[in-house]
Number of protein chains: 2
Amino acid sequence: MKVTIKDIAQKLNINFSSVSRALNNKPGVSDETRRLVVKTAKEMGYRPNVIARGLVSRTTKTIGVIIPDIINPLFGEITTGIIETANLSDYDVFLCISNWDCDKEKDYINAVQQKQVDGMIVKSVCNENASLLESAVVPVIGLESWTANNKFSSVSTDNIKGGYLAGKHLIDCGYRKAAIFSGPENSSASQFRRQGFINAFREQELHFDDTKFCVGEYDIESGYNLAKQLLEEHPDTDSIFANNDVIALGILQYLEEKGIKPGKDIGVIGFDNIRMAGLPQIQLTTVKQPKHSLGRIMVNLLLDEIKNHSDKNQHYPQRILLEPELIVRGTTSKQS
Amino acid sequence: MKVTIKDIAQKLNINFSSVSRALNNKPGVSDETRRLVVKTAKEMGYRPNVIARGLVSRTTKTIGVIIPDIINPLFGEITTGIIETANLSDYDVFLCISNWDCDKEKDYINAVQQKQVDGMIVKSVCNENASLLESAVVPVIGLESWTANNKFSSVSTDNIKGGYLAGKHLIDCGYRKAAIFSGPENSSASQFRRQGFINAFREQELHFDDTKFCVGEYDIESGYNLAKQLLEEHPDTDSIFANNDVIALGILQYLEEKGIKPGKDIGVIGFDNIRMAGLPQIQLTTVKQPKHSLGRIMVNLLLDEIKNHSDKNQHYPQRILLEPELIVRGTTSKQS
DNA sequence: TATATTGAAGCAAACGTTTGATGACAGGAG
DNA sequence: CTCCTGTCATCAAACGTTTGCTTCAATATA
């Protein structure tokens, strides 16, 4: 049976509030009773019921995390960063997987609030939920969800710069007929990456052919299918910027099957720098995101907002941008 | 401000218990008040406080999941299966990452119980925590943690059979001087895989050289390092059974760098069948685990035990074994 | 008409904590 | 000897629900 504060009090013939104060190191109990309480609490195997505590303190030391996918190692690493950082401050994490589904995301946003989380971190997959997030009763940190007049803070890799790095690198290598493979969302992330990419082309007074902006899913199959489709329709394409590494892996799969050599016959650059990208068999050129840092910084920001949540008026949404980094490997190379 | 059941009651000038009954479709309220309550509850944006509800119902509709690593896609897929299945029954998931650390695992086991989870799923990384799990106040399902006299149920791929499939396949291909690369744990999983593997050798009256049972971590680097070490010390090794695909990827990385052709010069077989294993550049022969099913079945088993948790006496720990499947790809082939 | 039956509403306890208010008692100052 | 101060303990309310019990009026039954 679960032992409560009252069980301890009864056993010691004292009032249960003394037990509470003793256990929480609050003043108002003599050293002797305190020692005694602590001792018997341990003996009886007492574990505070944090949900009862939460009822009165109105905090649960829990944050909700809503992400679209946990199999993609990008989110795996970000989530690891989130959980590790949260744990340092004794917070636990409700993990929810929206599976890129807008309705499911909406349900989760409501559900975690019902569970009285102290705050949430959301990688939103659609704009329709923006107002739901803005009207949340707890602080919200968005991952890659900055829009012009955001009501909540957001952390992201600098996607414009990341896109630019990708574009610039392709140009430097001599590629001129590039394509972009984007994920499904019309989120800021993919727009910014595209924008940065095109900026790089403009800067050199080069033209990016908009018909080569291809939208698919964020998975291997999609990369494979888009590559097939694109290269059949536009065989002159000389390079592809995949919006994430998983898509790029799909591209590489198609190229391998067709005997097209990435880096030689066609340039491929990804985004994220998941671990697989560095394998010698893959050697994917990519733009690195500081994945663990993203998680860590989001949590720190969130905990800070939780702390100051009472004085609403002094809350200004922040936008934090982390630096991307170009990682050059074998799937791109100087064209002669 | 958060709106409570009492706010609604006050607005409607009725008692708050009627509101509760109305909202929960319990008898004892007239249809008219029920309609009225439901309507104003919606208008006022009422969201039940599930933790207060949990205090009285003594359940939280939450399960704790403790796994060692979320970046490995194996656990990513299992976790996805867990979360999706749990959600179907309106359960949420506390996700904890032990990072293969025994102490951290212990802390988590205690922490999730304090948070009053209704049950937990644990992939334990060390035997020391067995008693902690057995004395848990809530049902526990182990992932790959069956021992002779288990007190809690456990779900696992049939690792003996999986090991056997791997061994048999290597033998069928003509490999005779095999090595095993194991993860760190002395858990049942790795022991069973080894045992099955050796059974296959015994069955053919072949000898497995025990000095080639190598213990490392479950990551790419470890696979790389073990491969380097093994092949320098035992250059006659003709095949390696990696206890998971990530280790195998590390092996392939080493082989690639050395110009050794997997499947031709040396056989490599993994375990899990993560998605990367099927990439044409990788083509890793492996033993497939039904990852999503593992998650699903663990949750169903757990929810069942939660339902019947009251009558302790009729609780018999079950052991559920799922079928592994050999997936033959390019890193093994018939030797002449 | 008197009594039993029903249905709807209200009351209050309980879940396990935290915490402000109150009380008892001792020791020190005047 | 009285008054004040401070320490430690108890009391009780509160957090937001659920739920058993009671009350009350209206209706049905005899």
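Note on naming: letters A, B, ... go to the chains in the order of the sequence lines (proteins, then strands), and numbering restarts at 1 for each one.
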Value in whole Å for how far the [atom2] atom of [N] lies from [atom1] of [X]:
X        : N      : atom1 : atom2 : answer
A:Phe16  : D:dT10 : CZ    : C1'   : 10 Å
B:Lys6   : C:dG10 : NZ    : P     : 14 Å
A:Gln116 : D:dC15 : CD    : C1'   : 11 Å
B:Ile14  : C:dA8  : CD1   : P     : 13 Å
B:Leu12  : C:dA8  : CG    : P     : 17 Å
B:Arg58  : D:dG16 : CZ    : P     : 20 Å
B:Leu23  : D:dT19 : CG    : C1'   : 15 Å
B:Lys115 : C:dG16 : NZ    : C1'   : 16 Å

Counting the atoms with a prime plus P, OP1 and OP2 as sugar-phosphate, which does [X] contact under 4.0 Å by heavy atoms, base, sugar-phosphate, or nothing?
X       : answer
A:Lys26 : sugar-phosphate
A:Ile51 : nothing
A:Ser20 : base
A:Ser17 : base
B:Pro48 : sugar-phosphate

Item to complete: Choose from C:dT17, C:dC11, D:dC11 the nucleotide whose nearest atom is closest to any side-chain atom of A:Ile5.
Response: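 Of the options given, the side chain of A:Ile5 lies nearest C:dT17.
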Fill in: Nearest-nucleotide pick for B:Thr4, side chain only, options being D:dC8, C:dT18, D:dG16
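Out of D:dC8, C:dT18, D:dG16, the nucleotide with an atom closest to B:Thr4's side chain is D:dG16.
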Within the pair [X] and [N], is there a side-chain N or O less than 4.0 Å away from OP1 or OP2?
X       : N      : result
B:Arg53 : D:dG16 : no
B:Asn49 : D:dT17 : no
B:Asn15 : C:dA9  : no
A:Ser30 : D:dA9  : yes

Between the main-chain N or O of [Y] and the side-chain N or O of [X], is there a donor-acceptor pair closer than 3.5 Å?
X        : Y        : result
B:Asn110 : B:Asp107 : no
B:Ser188 : B:Glu144 : yes
B:Glu105 : B:Val125 : yes

Worksheet item: Going by atom types alone, do B:Ser293 and B:Arg296 pair a side-chain donor with an acceptor below 3.5 Å?
Response: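 Judged by distance alone, the side chains do pair up.
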Discussion item. Whether the A:Asp92 and A:Thr62 side chains hold a donor-acceptor pair (N or O, under 3.5 Å, no angle test) is what I'd like checked.
Written reply: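 There is no such pair (donor and acceptor under 3.5 Å, judged by atom type) between the side chains of A:Asp92 and A:Thr62.
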Worksheet item: Is a donor-acceptor pair below 3.5 Å formed from side chain B:Arg21 to base D:dG20, judging by atom type as modelled?
Response: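 Side chain to base: pair present.
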Discussion item. Nearest heavy atom decides the nucleotide; on that basis, is B:Leu55 or B:Ser18 closer to the 5' end of DNA chain D?
Written reply: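 First, find each residue's nearest nucleotide; the 5'-ward one identifies B:Leu55.
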